[in-house]
Amino acid sequence: MRAGAVHFSVHRITLSDLEVSPKLEQVWEQLCGFLDGELVVAHNAEFDLAVLRSAAGLNNLILPSFRSLCTLKLARLAYPDLEHHGLSDMCEHLGVALAHHDYLEDARGCAELAVRALPLVHDSQLDLYGTNLTSSSSFEKEVRKHGYDEAKKAKDFDRSLLRPDFEGRDNSHPFYKAKVVFTGDLVSMDRQEAASRVQQLGADINQSISKLTKFVIVGASPGPSKMAKVAALKAAGADINVLEEDEFRAMLDSSPTHDRS
């Protein structure tokens, strides 16, 4: 199974779709009309905003002024007892029909989640006068709350996983001999488990991003410098695939060795 096939199965966007699509600078003025002075709501907004800022910088475009709200952080505040807070998980919990990864469906589901979750969150938990309303719910806050060592442990993995093991692996899987980098906090599993799973599929796990990186697996609150480097390398022609957590889980589940018990 090729990586491109996985992306198509998730987003249903083909290379021919991209070839006929306008370039960013051609739609920037129209996009700014939607953003300027508004509240921008997105699920795992730090990822989307980091990509938007990087794309604007690479194309010498001026980013408009707007405020933001992350419904992933909002969902964690409003529904702390739920195990998973992904967009599809939250829509299922709320009974909201969602054809996930259709851009209009995701926008509608994200808006519905915001409308339902906001009344459950006290004003003191939001920065209502800042540019990022959910800035108070961040990894840095978790570090202060639970201690640096505990928070760092959740993001680290056994150093032995940095040594690739190709023997006996499925050489048809997209992760086979692919350089993989993690950034941000995964919700459905800790980084140790995630790294172990991709190593078992023959991945070469790295800690830094280069032009040879094949997959960047992105959780909540990804590293801005890593995302900026991804955007710069992709603009220079690097074949880097950015996988959000649900896409990553789909690729893991596609493996014939995946334990479904």
Side-chain angles (χ1 to χ4, degrees), residues 6-7 9-11 41-50 68-103 105-121 125-126 133-143 145-146 150-157 175 180 182-198 200-201 215-223 227 242-255 258-261:
V6 173
H7 285 298
S9 69
V10 173
H11 294 289
V41 179
H43 205 72
N44 196 8
E46 291 188 18
F47 168 75
D48 297 280
L49 296 180
S68 65
L69 183 148
C70 176
T71 51
L72 175 59
K73 293 180 179 180
L74 186 66
R76 287 172 172 168
L77 291 173
Y79 305 95
D81 295 332
L82 294 181
E83 183 178 1
H84 301 305
H85 295 88
L87 183 58
S88 58
D89 298 309
M90 290 308 308
C91 285
E92 181 178 356
H93 175 74
L94 297 172
V96 175
L98 179 73
H100 198 23
H101 290 303
D102 175 278
Y103 61 95
E105 284 278 304
D106 280 358
R108 181 185 56 78
C110 187
E112 185 72 33
L113 172 56
V115 168
R116 298 200 191 188
L118 274 171
L120 304 178
V121 175
Q125 295 177 283
L126 301 173
L133 272 66
T134 41
S135 61
S136 61
S137 177
S138 64
F139 174 71
E140 286 73 22
K141 289 290 183 181
E142 291 300 311
V143 169
K145 181 178 179 182
H146 299 295
E150 183 177 341
K152 186 174 185 297
K153 182 179 179 182
K155 298 173 75 70
D156 284 344
F157 43 75
F175 283 141
V180 174
F182 291 89
T183 182
D185 306 310
L186 298 177
V187 175
S188 60
M189 64 185 78
D190 61 30
R191 192 172 292 187
Q192 173 75 20
E193 178 186 355
S196 178
R197 295 275 295 276
V198 294
Q200 290 169 18
L201 293 169
F215 293 102
V216 178
I217 298 164
V218 177
S221 303
M227 298 313 300
V242 176
L243 300 177
E244 294 189 51
E245 185 165 353
D246 51 357
E247 299 173 273
F248 171 58
R249 286 166 54 186
M251 288 183 69
L252 289 180
D253 292 348
S254 71
S255 169
H258 174 63
D259 182 8
R260 301 179 184 275
S261 59

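No hydrogens, no waters, no symmetry mates; every other heavy atom, side chains included, goes into these values.
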Heavy-atom check, side chain of [X] versus side chain of [Y], under 4.5 Å:
{"X": "M227", "Y": "E46", "answer": "no"}
{"X": "L133", "Y": "L74", "answer": "no"}
{"X": "D89", "Y": "L82", "answer": "no"}
{"X": "L49", "Y": "C70", "answer": "no"}

Just jot down the ring-ring contact (aromatic ring centres under 6.0 Å, His included) partners of F248, sequence neighbours excluded, or say none.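 Residues passing ring-ring contact (aromatic ring centres under 6.0 Å, His included) with F248: F182.
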Going by ring-ring contact (aromatic ring centres under 6.0 Å, His included), name the residues that satisfy it together with H93, two or more places apart in sequence or in a different chain.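 Partners of H93 by the ring-ring contact (aromatic ring centres under 6.0 Å, His included) criterion, ordered by chain and then number, come out as Y79.
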Determine, stepwise, if the pair L126 / T134 fulfils side-chain contact (heavy atoms from CB on, under 4.5 Å). CA-CA 5 Å; L126 301 173; T134 41; 3.9 Å; yes
Going by salt bridge (charged side-chain N to carboxylate O under 4.0 Å, His left out), name the pairs with one or both residues in residues 74-86, residues two or more places apart or in two chains.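 For residues 74-86: none.
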Steps toward side-chain contact (heavy atoms from CB on, under 4.5 Å) verdict (L252, M189): CA-CA 12 Å; L252 289 180; M189 64 185 78; 3.9 Å; yes
Please round to the nearest 0.5 Å and tell me the distance separating atom [atom1] of [X] and atom [atom2] of [Y].
{"X": "S135", "Y": "K73", "atom1": "OG", "atom2": "NZ", "value": "7.5 Å"}
{"X": "E193", "Y": "D190", "atom1": "CD", "atom2": "CG", "value": "6.0 Å"}
{"X": "S68", "Y": "D48", "atom1": "OG", "atom2": "CG", "value": "10.5 Å"}
{"X": "I217", "Y": "R191", "atom1": "CD1", "atom2": "CZ", "value": "9.5 Å"}

Taking all heavy atoms of [X] and all of [Y], pick out the closest pair and write down the distance.
{"X": "V121", "Y": "Q125", "answer": "CG1-OE1, 3.5 Å"}
{"X": "T183", "Y": "G223", "answer": "OG1-N, 2.8 Å"}
{"X": "L72", "Y": "A220", "answer": "CD2-CB, 3.4 Å"}
{"X": "E247", "Y": "V242", "answer": "OE1-O, 4.0 Å"}
{"X": "G219", "Y": "L186", "answer": "CA-CD2, 4.1 Å"}

Tell me, with the steps shown, if V198 and F215 meet side-chain contact (heavy atoms from CB on, under 4.5 Å). CA-CA 11 Å; V198 294; F215 293 102; over 6 Å; no
Donor-acceptor pair between Q192 and S196 side chains, under 3.5 angstrom: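 There is no such pair (donor and acceptor under 3.5 Å, judged by atom type) between the side chains of Q192 and S196.
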Set of side chain to side chain donor-acceptor pair (under 3.5 Å) partners for [X], sequence neighbours left out:
{"X": "H43", "value": "T71"}
{"X": "R249", "value": "none"}
{"X": "E92", "value": "none"}

Which pairs would a plain distance check flag for residues 105-117, meaning a side-chain donor or acceptor within less than 3.5 Å of a matching protein atom at least two apart in sequence or in another chain?
residue, atom, partner, partner atom, Å
E105, OE1, A99, N, 2.8
E105, OE1, R108, NH2, 3.0
E105, OE2, R108, NH2, 3.4
D106, OD1, H100, ND1, 3.0
D106, OD1, H101, N, 3.0
D106, OD2, H101, N, 3.2
R108, NH2, A97, O, 2.5
E112, OE2, R116, NE, 2.8
E112, OE2, R116, NH2, 3.3
R116, NH1, L94, O, 2.8

